[in-house]
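Note sheet for the following structure.
Atoms within each ligand, like the ligands themselves, are counted from 1 in listed order.
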Amino acid sequence: MSPPSFPRRRPWPLLPPSRRSVQSVVDGSRVPYRFCSSSKIALRSALVALDCPGTNVLLPSYLPPGVVEPLHELDVEPRFYRVADDLSADVADAEARLDDETSAIVVVHYFGFPQPRLDEIAALADRHDLALIDNNSHSTLSRRDGRLLGTFGDVGFTSLHKTLPVPDGAVLYFNSSRVDPTERLPLTGVRDRYTCADYRYCAGAAFSATGSVGEAALEFVDHLCNGDDTPYLPPSDDPVGEYQRSKVRMSKLSSTALTRIDPVAVTVNRRAAFARWHHHLAGDDRFAPPFEHLPTGVCPWFYPVVADDPAALVDSLGGVASAFAWPTLPSGVEGNPEYRAENERARRLVLLPAHQDMTPADVDRLAARVR
Ligand SMILES: Cc1ncc(COP(=O)(O)O)c(C=O)c1O
């Protein structure tokens, strides 16, 4: 039997000894923070810390449904404001929807790009004495004017697992006197031991390029962790179940990895992949990229394009790379004619991969399949 072939590349860009780690980037924000298992749990903790239960909160209509789960659970009424085609918040629409019961407004930086209306939303929050919740779920390392996105609100957060090679995690920043950074929030913090999920993630990274050998190795890890009778359950498309399952503290593996991941390598590789996609697709009439420029400080999550035929685009990359239409929308927005543009965009906006482990040559090969 031939020996298994191991991946050419390391599963994540490890840190040269002289460099700052992702952990030191987060510490360098000088904003008090807590770890959580996901942005949904960070948002839940933010709503509790801001005493939002029983009130209403404004949030953008262009969101995956799971993000609204913490509001449903905590008896917070979601009020969705419009989002324009350039993914900027419709500030006038947000203002028209607030009333005396509104306690906070959520602002989202899409795909790692600073929200174009951030300052206007912050001014609106000031005018009406609302808490500002800065949702930078999409990219831990993105900055505006040198300042990390997610640290602009009274409370803010970022998902670690979206743009970094870690199994889970989010950072919840507390940035104002509206919240007590020492408040006891039971779902925040890091687990004190490694779990089966941590071992499985490492095995998946190590064996990702080894085909059936890798699958057999993963089965073996599952067997070690669970015994014969409990099959591994992959993450599901069920937002409620996904949310309930994420009600744990952040993994020890993510916490350890943050001290070893090179933020510069992640940012440089992601920017290069984004720029390469743009080089191939920006002049193609079938695709309209919402972001024409890649500003300094941005670490992109994906390369998004609005496609004439989104299914054909996803199919052309099928089986080779993760590309998918984004997002499914929350109830109250999905199928609601009041949010016609958001529904149309959610059908046509496709996310193309711009991972830190891709090279520009990888993007060239994928782009050739699209043409
Ligand atoms: C804007 C936004 N906020 C929050 C989340 C939830 O992130 P997490 O998976 O870390 O809970 C998502 C997920 O895609 C998102 O798009």
Does ligand 1 come near enough to W301 that some N or O of the ligand is less than 3.5 Å from an N or O of the residue? no
Is the closest heavy atom of H138 to ligand 1 under 4.0 Å? yes
Identify whether the distance between the nearest side-chain nitrogen and carboxylate oxygen of R79 and D99 falls below 4.0 Å. yes
Output the list of atoms in ligand 1 that are nearer than 4.0 Å to some heavy atom of V67, sorted by atom number. 2 (C), 3 (N), 4 (C), 5 (C), 12 (C), 15 (C)
Will you find, in the side chains of S37 and D168, an N or O donor that is under 3.5 Å from an N or O acceptor? no
Below 4.0 angstrom, N of the basic side chain to O of the carboxylate: do K40 and E242 qualify? no
At what distance is the nearest protein heavy atom to atom 8 (P) of ligand 1, and which residue and atom is it? K162 NZ, 3.3 Å
I'd like to know if A170 contacts ligand 1, where contact means a heavy-atom distance under 4.0 Å to any ligand atom. no
Ignoring hydrogens and angles, tell me if any N or O in the side chain of H161 forms a donor-acceptor pair with the backbone of V166 under 3.5 Å. no
Compute the ring centroids of Y62 and W326, then answer whether they are less than 6.0 Å apart. yes
Option nearest atom 5 (C) of ligand 1 (shortest heavy-atom distance, choices S159, S137, S246): S137
Any heavy atom of W326 sitting closer than 4.0 Å to ligand 1? yes
In Å, rounded to the nearest 0.5 Å, how long is the span from CD1 of I105 to CG of N135? 12.5 Å
